[in-house]
Amino acid sequence: MEKLIDLAYILSSILFIFGIKMLGKAESARRGNLLSAVGMLIAMVATLLYKEVVDLKLIGIGLVVGTVIGGVWAQKVQMTGMPELVALFNGFGGLASVFVGWAEFEFGKQTDVVTEVAIYSAILIGGVTFTGSLIAYLKLAGKMSGRPTLFPAQKAINAVIFTALIVLGVIYVVQGASWALYGIIGLSLLLGVLGVLPIGGGDMPVIIAFLNSFSGLAGAAAGFVILNKVLIVAGCLVGTSGIILTIIMCKAMNRTFGNVLFGGFGAAGGPAGKAVEGEMKAVSVEDAYFVLEAAQSVVFVPGYGMAVAQAQHAVKELGSILEKNGADVRYAIHPVAGRMPGHMNVLLAEADVPYEQLCEMEPINASISQVDVVIVIGANDVVNPAAVDDPESPIYGMPIINVHEARTVFALKRGKGSGFSGLENALFFRENCRMIYGDAKETIVGLVAQFKG
Amino acid sequence: MEKLIDLAYILSSILFIFGIKMLGKAESARRGNLLSAVGMLIAMVATLLYKEVVDLKLIGIGLVVGTVIGGVWAQKVQMTGMPELVALFNGFGGLASVFVGWAEFEFGKQTDVVTEVAIYSAILIGGVTFTGSLIAYLKLAGKMSGRPTLFPAQKAINAVIFTALIVLGVIYVVQGASWALYGIIGLSLLLGVLGVLPIGGGDMPVIIAFLNSFSGLAGAAAGFVILNKVLIVAGCLVGTSGIILTIIMCKAMNRTFGNVLFGGFGAAGGPAGKAVEGEMKAVSVEDAYFVLEAAQSVVFVPGYGMAVAQAQHAVKELGSILEKNGADVRYAIHPVAGRMPGHMNVLLAEADVPYEQLCEMEPINASISQVDVVIVIGANDVVNPAAVDDPESPIYGMPIINVHEARTVFALKRGKGSGFSGLENALFFRENCRMIYGDAKETIVGLVAQFKG
Amino acid sequence: MKIFAPKEINPIETRASLDPAAVKKLVGLGAEVSVESGLGARCGHGDAAYIDAGATVTADRAAGLAAADLVTRVRQPALDEVGLLKAGAIHISFLDPFHETELISRFAAQQVSAISLEMIPRTTLAQKMDAISSQANLAGYAAVVIAASRMNTIFPMMMTPAGTISPAKVFVLGIGVAGLQAIATAKRLGARVTAFDVRPEALEQAESLGAKALRIDLGTTAGTDQGYAKELSPDQLAKQIDAQAKVCAQSDVVITTAKVFGRKPPILIKKDVVASMQSGSVIVDLAAESGGNVEGITPGEVTVTANGVKLIGLANIEGTVAKHASQVLAANFANMIEHFWDKEARTFMIKPADEIQQGCLITHGGSIVHERFKI
Amino acid sequence: MKIFAPKEINPIETRASLDPAAVKKLVGLGAEVSVESGLGARCGHGDAAYIDAGATVTADRAAGLAAADLVTRVRQPALDEVGLLKAGAIHISFLDPFHETELISRFAAQQVSAISLEMIPRTTLAQKMDAISSQANLAGYAAVVIAASRMNTIFPMMMTPAGTISPAKVFVLGIGVAGLQAIATAKRLGARVTAFDVRPEALEQAESLGAKALRIDLGTTAGTDQGYAKELSPDQLAKQIDAQAKVCAQSDVVITTAKVFGRKPPILIKKDVVASMQSGSVIVDLAAESGGNVEGITPGEVTVTANGVKLIGLANIEGTVAKHASQVLAANFANMIEHFWDKEARTFMIKPADEIQQGCLITHGGSIVHERFKI
Amino acid sequence: METLILLLFVFVLAAFLGFELIQKIPSQLHTPLMSGSNAISGITIVGAIIACGVDAHGIGKWLGFGAVVLAMINVVGGYVVTDRMLGMFKKKNK
Amino acid sequence: METLILLLFVFVLAAFLGFELIQKIPSQLHTPLMSGSNAISGITIVGAIIACGVDAHGIGKWLGFGAVVLAMINVVGGYVVTDRMLGMFKKKNK
Ligand SMILES: NC(=O)c1ccc[n+]([C@@H]2O[C@H](COP(=O)([O-])OP(=O)(O)OC[C@H]3O[C@@H](n4cnc5c(N)ncnc54)[C@H](OP(=O)(O)O)[C@@H]3O)[C@@H](O)[C@H]2O)c1
Ligand SMILES: NC(=O)c1ccc[n+]([C@@H]2O[C@H](COP(=O)([O-])OP(=O)(O)OC[C@H]3O[C@@H](n4cnc5c(N)ncnc54)[C@H](OP(=O)(O)O)[C@@H]3O)[C@@H](O)[C@H]2O)c1
Ligand SMILES: NC(=O)c1ccc[n+]([C@@H]2O[C@H](COP(=O)([O-])OP(=O)(O)OC[C@H]3O[C@@H](n4cnc5c(N)ncnc54)[C@H](O)[C@@H]3O)[C@@H](O)[C@H]2O)c1
Ligand SMILES: NC(=O)c1ccc[n+]([C@@H]2O[C@H](COP(=O)([O-])OP(=O)(O)OC[C@H]3O[C@@H](n4cnc5c(N)ncnc54)[C@H](O)[C@@H]3O)[C@@H](O)[C@H]2O)c1
């Protein structure tokens with residue numbers, strides 16, 4: 001029987017592996033989800049066969065109650081309410097891990113260090129997951145303000161809690177003291193609340209992904225508590241794939257994870273920072289990909305650099321891919337871009353960019369603040385905000401394409417070279433602008449590759 | 001101590017994982033190899049620490065002897081002799097697995113079924129690996145004819161051996177009879193010889209990759225014999241990644257694995273099959289990629305279908321990628337390709353294909369038999385061999401681009417549509433021609449994506 | 001075999017039937033080639049170049065014609081020159097056989113084997129000698145260049161500091177060989193191109209060059225097995241004219257190439273449509289020489305209408321790029337001669353049963369042998 | 001403020017200084033615009049269109065000039081028309097100030113503020129009014145179209161059943177605005193383009209359009225801060241002429257645009273180089289009007305040399321695309337007037353200290369104010 | 001101890017596998033993937049069942065019961081929500 | 001038994017990991033990758049060491065010794081050859 005159970009566990013692990021892999025591809029995602037559900041069923045049935053598991057009635061009641069609540073809830077929730085529901089479910093998973101760890105402690109069978117560390121981890125991670133998810137739920141559901149809630153000495157308080165958790169952990173593991181355990185439970189719940197409160201509603205999806213990864217790890221920890229393989233495998237899979245997913249989602253928002261966690265902004269969606277003079281922030285092609293992939297509207301602003309790099313064909317291709325990806329794509333041509341009148345027209349016509357997608361300066365400026373991403377391809381002077389906001393500048397008064405008003409700007413250049421006018425360009429120092437260094441064609445080709453890879 | 005050893009094993013497994021991953025990328029391959037070597041060292045040292053391992057002197061001698069032989073051999077071999085040396089080394093690894101299994105049998109400690117199955121597997125797989133690799137070595141080193149050695153009733157004999165091995169295996173596992181084991185040793189060695197003999201020299205690299213994957217599995221089996229984790233992990237990693245590599249290599253030769261194993265051709269490198277009338281063989285974009293990736297010279301033959309698909313930009317891009325990949329790339333323009341004189345010229349000029357790469361029909365025909373891959377993009381009549389070899393054909397006498405004489409032809413079409421003249425095209429039924437169905441642009445874009453992914 | 005290429009007598013003709021490269025090829029086959037002095041003068045080839053290529057140059061046209069076994073020409077000969085040919089000689093040129101019945105009879109009477117370039121079948125095999133295609137192709141290019149040089153606006157779009165110049169709108173009517181090349185050339189120059197043809201497959205071909213196809217539902221339209229269009233019914237024609245009127249009115253350039261094999265080209269653009277076009281627009285009619293697709297157009301002349309539309313009815317439009325036109329035409333001649341060349345006898349073989357000759361051999365052995373022109 | 005646009009008097013001039021769109025813009029600013037009757041006749045705009053745009057049309061040129069606060073013109077006025085202007089009036093046009101010293105003195109004497117379009121600085125800010133650029137750009141396009149229409153060969157490569165036509169070789173000499181557009185247009189038509197300029201950055205610009213840059217080591221060559229080239233030393237010039245001779249000889253089309261600001265263009269193609277070119281080749285000299293880059297060229301005329309090379313010395317080349325040329329030129333005028341418009345006073349502000357006016361304001365308040373032309 | 005080490009092995013391999021499995025994910029799949037793996041993380045149900053089912057009494061057992069209910073909500077709800085999301089997605093694409 | 005099951009777990013996970021690790025390989029790397037993983041397959045050395053080192057006598061031990069020598073040749077030779085191949089590769093690329 002035991003052997004059978006173990007084989008079943010192997011089978012369900014395999015199903016989880018396939019399930020996660022398939023969830024990552026659009027065409028197989030739904031089947032992947034089904035597969036992993038089957039894996040779950042197998043794991044559950046196998047567990048019920050353990051000879052130590054005797055109280056089937058109680059379990060049965062629990063399963064039925066849980067199924068009904070979860071099923072009904074999931075069925076009747078509105079489409080728009082799904083993300084917060086996922087957060088809530090995730091919190092329940094975390095709490096379940098807390099309970100499992102706590103229960104094992106109460107049974108008091110274990111005394112070895114490893115098990116105690118495992119119990120500690122399960123409770124700590126599970127607890128944070130629970131309350132953290134709860135806050136995320138409340139914020140997303142609009143039952144709590146989505147604005148980052150900042151309170152004084154926030155970092156200090158968190159640090160104190162953190163230290164306390166470590167100290168209590170050591171005490172618990174060494175002495176097995178139950179007061180320490182209760183303390184751990186309480187503090188980890190508190191940490192979850194305090195950790196998520198300062199994060200804005202716009203960043204909640206990332207936080208949920210992160211907490212989800214956490215609840216996976218909590219599960220794995222619980223697995224070590226009861227020495228259960230499938231818990232370890234599945235928990236660990238979720239834990240690590242969740243981390244990767246979290247990072248991917250951060251990139252898609254053009255943020256770093258640290259920024260999300262400790263940034264304390266993101267409430268309204270857009271970054272609120274002041275312009276940091278003196279620093280041009282570079283971004284990798286891969287990171288740019290994630291942002292573009294998520295963009296709803298993209299505007300290309302070609303300049304002389306596109307001509308030099310002969311990047312027009314690649315640009316056209318990227319444009320087509322973005323369109324297929326569902327984005328609205330336009331090409332904004334500044335009248336003096338390039339080195340001769342109509343320079344950009346010649347090149348884009350060669351690359352077969354439809355005339356309909358070419359946009360003059362005025363109409364594009366009217367709607368630029370709604371644009372998710374502007375890709376500036378080797379243009380410089382024609383997007384220099386000094387022309388509108390620096391009366392000292394020799395180009396002050398020249399109309400430019402106001403790309404600095406877009407949500408995100410990627411500026412493709414080889415280096416720090418200036419444009420025809422020889423002026424510095426403040427655009428590149430703006431908070432919403434990221435440089436992608438390198439020959440424009442190489443960069444665009446790289447982006448195309450990202451989309452196809 | 002045991003714990004330490006086990007942790008060391010975990011560490012070395014991790015190093016192997018990274019090592020293999022890094023070996024797959026040009027920029028990190030060398031470091032990857034180093035990493036996995038470090039992993040190996042750690043695993044060996046850890047093993048020496050086992051308390052059961054007492055006879056360090058003998059082991060020491062063995063290690064030194066092996067190191068000297070292997071090191072010197074590897075150092076002084078000529079560049080050209082490396083592949084066969086790898087085969088030989090691989091064979092030694094297989095034999096070592098045989099010895100390990102055999103030794104365990106001689107120690108006679110094990111009686112449970114699992115161990116016996118493991119011993120059986122280790123010996124069987126190891127034995128086949130050993131002699132198979134040896135033959136591969138001899139063929140590659142030119143000490144044996146590279147031609148496939150075919151003998152009568154070959155398949156029947158192999159089948160008999162195979163059955164015998166299974167029967168003996170059952171007997172051994174059930175009864176533990178030593179004669180059965182010796183029989184297994186002998187027969188597996190024989191199977192290795194007979195299995196590889198009929199395979200041509202040109203296919204040896206694939207066979208070595210395959211046997212390498214085998215020796216990994218033999219190692220994993222040996223791991224089950226002595227219940228050693230690192231053996232299982234490393235053996236299994238090599239086993240499965242080797243299988244994938246084998247398949248990749250087959251694709252790069254535009255062959256299936258079964259074809260390599262049982263085809264009995266490949267001696268001279270080129271396929272020797274007769275034209276199979278009546279079947280057009282399709283190939284996936286992915287498989288085509290592997291062939292293109294390995295091609296030294298590629299000729300595009302565009303036709304009206306390229307114009308319909310407006311695939312010129314994509315074609316140009318694929319051309320550039322192939323060039324960067326080291327291939328010699330040309331575009332052969334048939335004078336009547338398309339629907340107006342110069343049709344292809346207009347399109348390719350639009351896509352900025354340099355004039356130097358455009359080739360007229362006569363010069364390309366003079367060298368077409370040296371071309372690795374011809375990609376026919378929506379051309380049909382202009383590559384119809386009936387024009388040269390079917391006096392009944394209405395287009396008999398028209399000069400065509402003799403793509404059927406190239407090593408491999410990929411024909412890109414949407415379906416079975418005929419060209420302007422309405423004729424069937426025998427090219428598509430040739431042994432060296434593979435169809436890639438679908439809109440030409442989609443297909444080419446897909447190929448580009450393969451290269452970038 | 002003696003091959004002779006006389007100068008063209010039609011003053012608008014600038015092409016030559018043979019250029020030095022073709023002469024070289026023919027001489028290589030073993031033919032004796034002689035050309036009339038000044039043959040290539042109007043397409044950039046001096047007599048010296050012909051001599052270098054292996055031809056003899058003679059000023060005596062009559063003698064040349066009389067001695068020749070095979071005569072190559074661009075245009076049909078004057079009636080009285082047929083009499084100069086010797087019996088059994090071969091004469092290859094454009095003949096306009098649908099209209100030149102008199103000429104054909106003369107050829108037959110003179111026992112000359114006359115081959116009409118117009119009648120070469122449009123098969124894949126015959127393409128190398130298909131002079132209609134080789135010339136139409138250049139005509140399509142030239143039409144666009146001429147249009148561009150006669151307009152007071154430019155073709156490409158330009159977004160400049162002094163405002164945006166929008167791309168020229170070009171409408172190509174008739175998507176045969178010439179129409180396709182016109183589309184390609186106009187697209188290259190940056191125009192927006194719309195195109196229409198009665199043959200549905202031609203619309204796909206236009207799209208394959210990046211043009212927008214105008215689709216008009218005319219019911220069934222047919223092509224011949226040669227790919228030529230058949231004449232539309234009057235109803236269909238009216239429908240077409242109606243449906244395309246708006247496109248014409250919005251176009252800066254209209255290029256018409258619509259021909260119907262063996263018949264007068266249909267009138268596709270009536271005066272009222274021309275009147276609806278903007279001042280400064282240009283219409284180039286490639287069918288002008290054989291009657292024209294545009295009402296009121298005069299072959300060989302540029303007329304400006306009251307509303308400022310330029311009607312360009314160029315004749316011999318290929319002649320504006322005479323050097324290249326002669327190059328490909330001469331190659332057609334050489335390819336044809338090579339195709340039917342008997343290496344042993346060093347002569348051009350007349351094989352009335354051959355699929356290609358069946359199409360283009362009009363007279364032979366003293367009578368009209370072509371099915372269509374038999375009396 | 002009253003703005004008046006007289007008809008051009010030079011018979012080769014087909015452009016107009018204002019087109020209806022520009023008139024509309026000016027009226028929108030609050031100006032009173034009147035134009036001489038027939039102003040746009042040669043570039044496609046009837047009087048009615050101007051009236052629709054808000055201008056008054058007058059046949060009385062002298063009255064118009066006398067009443068105007070601001071006069072726009074394409075070319076410099078006849079000397080005797082300066083006297084018609086009222087004191088304090090503004091006059092904007094091409095003036096050719098390096099040569100028209102007499103004219104400038106008259107302007108000063110008449111107390112007219114004369115602005116020379118040539119002298120507008122080539123800064124990023126001034127580009128919208130930079131008429132030199134807007135016109136040169138169209139000239140570059142027109143040069144290629146004219147070359148194409150005057151050749152007996154075609155531009156693009158074509159691999160056809162009748163052999164391969166190789167692409168035209170085009171050499172562009174001088175890669176300023178016009179040269180760049182010529183490169184772009186020739187490339188579009190399928191030519192192989194080589195280009196040369198003395199300014200190294202111009203070579204990169206040529207490459208950005210797909211041309212091959214000819215690199216000749218001339219030692220240091222300089223540009224002005226405006227991006228104009230400086231004159232070469234006689235040594236350098238000789239070296240250049242020598243190094244580019246071979247490219248010329250192999251080219252089917254040579255387009256020269258080389259100018260040196262404020263001086264006569266250098267002679268870059270001597271008779272011997274012309275003599276080395278193939279029959280049928282074409283040279284278009286965009287600098288012809290101001291003296292030409294090609295020896296033996298006559299502005300406004302097409303000459304065929306003994307060896308069959310066509311020398312095209314078109315004058316007023318922009319005038320061949322007069323409608324678009326007028327459109328962008330008029331936009332330049334309108335942009336300039338708008339730039340210096342005082343909304344309250346509804347007048348054009350003369351600000352001699354402004355960076356742009358400093359560059360292009362020649363006379364003001366009764367004297368010559370421009371540094372370069374002060375006497 | 002031996003078991004523990006092996007579990008550690010399992011842990012390490014599973015971790016690597018987790019990293020390798022997730023490569024580039026189109027943004028539309030971010031939420032479903034998160035939701036789907038959240039459902040998998042409900043695997044705690046296995047621990048919960050054991051905790052709840054053992055032959056014991058007292059608070060531990062009730063904690064186990066709570067864990068079963070909560071984990072089951074996570075599992076069932078998670079899979080159902082994910083499936084609904086993906087279902088929508090399919091329709092949109094058609 | 002428990003151990004065996006765990007080993008099976010390890011085996012399964014390692015197998016999946018093996019599949020996931022190898023994705024697209026440029027053809028120049030086929031041979032080095034093969035050679036490098038051949039060196040790794042010399043991990044049998046671990047089994048050989050144990051077989052050779054145990055406190056026993058007779059043929060088993062000598063088989064163990066043979067295994068050590070052979071496996072060591074595989075390991076050392078494999079790594080060195082691979083390294084040489086990759087070294088060449090580097091130089092060519094420069
Ligand atoms: N349109 C006209 O008629 C005309 C004529 C003459 C002058 N201009 C002037 O030219 C300017 C045009 O503005 P613009 O924004 O188009 O260009 P720009 O201001 O000249 O800037 C071009 C930028 O492209 C980058 N670049 C160059 N090569 C590149 C490559 N291969 N890959 C990626 N980036 C590359 C350069 O930066 P890195 O060096 O760091 O890469 C440079 O900052 C205006 O100032 C205008 O007044 C225009
Ligand atoms: N050059 C000229 O001047 C001229 C003029 C008139 C006629 N022609 C004739 O046209 C023919 C030219 O030969 P060719 O080899 O260029 O073309 P072709 O023989 O007409 O063959 C074109 C092929 O392209 C395929 N195709 C069509 N659309 C496609 C798409 N979107 N993607 C992929 N494949 C596509 C079609 O097969 P599927 O339907 O299966 O996709 C078809 O077999 C000759 O017979 C010639 O005589 C030439
Ligand atoms: N087999 C070959 O290799 C080969 C070679 C050359 C041409 N062709 C084919 O021959 C055909 C005719 O070519 P062509 O250029 O000599 O044709 P053409 O000069 O006889 O006519 C020009 C075009 O006008 C069109 N037309 C006729 N009536 C029209 C109307 N009312 N409205 C609009 N368009 C109208 C015709 O369909 C044709 O496309 C084409 O299909 C071409 O593909 C075949
Ligand atoms: N700042 C702006 O926005 C702006 C606007 C328009 C033009 N410009 C710049 O102004 C500059 C001049 O433009 P232009 O078209 O009026 O120039 P131009 O008409 O004065 O001269 C044409 C070209 O001829 C070249 N030339 C001179 N002597 C030569 C010789 N011996 N051989 C070969 N070439 C020679 C010049 O370098 C120049 O490129 C360019 O650099 C252009 O980029 C700048």
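Keep in mind that the numbers below use all heavy atoms, side chains included, and drop hydrogens, waters and symmetry copies. Here is how names work: the chains are called A, B, and so on, in the same order as the sequence lines, proteins then strands, and each is numbered from 1.
Using a 4.5 Å cut-off on side-chain heavy atoms (C-beta onward), E:Met34 and A:Leu245 make contact. At a threshold of 4.5 Å between non-hydrogen side-chain atoms, the residues E:Ser37 and A:Asn212 count as touching. A:Leu48 places a side-chain heavy atom less than 4.5 Å from the side chain of E:Ile49. Between E:Ile45 and A:Met40, the closest side-chain pair of non-hydrogen atoms falls below 4.5 Å. Annotation: side chain of A:Ile61 is not in contact with side chain of E:Val68 (no heavy-atom distance under 4.5 Å). A heavy-atom distance below 4.5 Å is found between the side chains of E:Leu63 and A:Glu106. Annotation: side chain of A:Phe224 is in contact with side chain of E:Phe11 (closest heavy-atom distance under 4.5 Å). Under the 4.5 Å side-chain criterion, counting only non-hydrogen atoms from C-beta, E:Met85 is in contact with A:Val86.
The shortest heavy-atom contact between A:Val100 and E:Gly47 is CG2-C, 3.8 Å. Heavy atoms only, all atoms of each residue included: A:Ile59 and E:Gly53 are closest at CD1-CA, 3.5 Å. Heavy atoms only, all atoms of each residue included: A:Ala103 and E:Ala51 are closest at CB-CB, 4.1 Å. Residues A:Gly70 and E:Val76 come closest through the heavy atom pair C-CG1, 4.3 Å. Heavy-atom minimum distance, E:Cys52 versus A:Asp55: O-CB, 4.0 Å.
Among A:Leu23, A:Thr240, A:Ile20, A:Ile244, the single residue meeting the side chain to side chain contact (heavy atoms under 4.5 Å, CB included) criterion with E:Leu21 is A:Ile20.
Atom-to-atom distance recorded for A:Phe130:CZ and E:Leu70:CG is 7.5 Å, nearest 0.5 angstrom. Atoms CG and OG, from E:Asn38 and A:Ser133 in turn, are 8.0 Å apart once rounded to the nearest 0.5 Å. Between A:Leu58 atom CG and E:Lys61 atom NZ the span is 5.5 Å, to the nearest 0.5 Å. A:Phe92 contributes atom CZ, which lies 5.0 Å from atom CD1 of E:Ile73 (distance to the nearest 0.5 angstrom). To the nearest 0.5 Å, the span separating CD1 on E:Ile43 from CG on A:Leu231 amounts to 5.5 Å. Here the CZ-CG distance, from E:Arg84 to A:Asn33, works out to 13.5 Å after rounding to the nearest 0.5 Å.
A 6.0 Å sphere centred on CD of A:Glu52 holds more than 12 heavy atoms belonging to other residues, nucleotides or ligands. For A:Tyr182, the OH atom counts as densely surrounded, since its 6.0 Å shell holds more than 12 non-hydrogen atoms of other residues, nucleotides or ligands.
By the salt bridge (charged side-chain N to carboxylate O under 4.0 Å, His left out) test, A:Lys251 pairs with A:Glu286, A:Asp287, sequence neighbours left out.
Ranking A:Phe99, A:Trp73, A:Tyr289 against chain E, the residue ahead of the rest is A:Phe99, based on heavy-atom pairs under 4.5 Å. Of the listed residues (E:Val81, E:Ile40, E:Val80), the greatest number of heavy-atom pairs within a distance under 4.5 Å of chain A belongs to E:Ile40. Per-residue counts of heavy-atom pairs under 4.5 Å with chain A were compared for E:Val75, E:Leu13, E:Val10, E:Ile50; the largest is that of E:Ile50. Most heavy-atom pairs under 4.5 Å with chain E, from the set A:Gly93, A:Gly94, A:Ser12: that is A:Gly93. Here A:Ser36 is the residue among A:Ala222, A:Gly19, A:Ser36 with the most heavy-atom pairs under 4.5 Å with chain E. Top candidate by heavy-atom pairs under 4.5 Å with chain E, chosen from A:Ile243, A:Leu56, A:Ile69, is A:Ile69.
Using a 4.5 Å cut-off between heavy atoms, E:Ala71 touches chain A through backbone and side chain atoms alike. In this structure, chain E has heavy atoms under 4.5 Å from both the backbone and the side chain of A:Val230. Heavy-atom distances place no part of A:Val68 under 4.5 Å from chain E, backbone and side chain included. Contact annotation for A:Lys25: only backbone heavy atoms (N, CA, C, O) come within less than 4.5 Å of a heavy atom of chain E. Only the side chain of A:Tyr9 comes within contact range of chain E, with heavy atoms under 4.5 Å apart. A:Ala220 touches chain E through its side chain: at least one heavy atom from C-beta onward sits under 4.5 Å away, while N, CA, C and O do not. Both the backbone and the side chain of A:Ile17 have a heavy atom closer than 4.5 Å to some heavy atom of chain E. The part of A:Leu85 that comes within reach of chain E is its side chain, from C-beta onward, which places non-hydrogen atoms under 4.5 angstrom from that chain.
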Verify side-chain contact (heavy atoms from CB on, under 4.5 Å) between E:Asp83 and A:Arg30, making sure each step is shown before the conclusion. CA-CA 6 Å; E:Asp83 194 63; A:Arg30 206 168 183 182; 3.1 Å; yes
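A:Ser215 and E:Ser41 share a donor-acceptor pair across their side chains, judged by distance under 3.5 Å alone.
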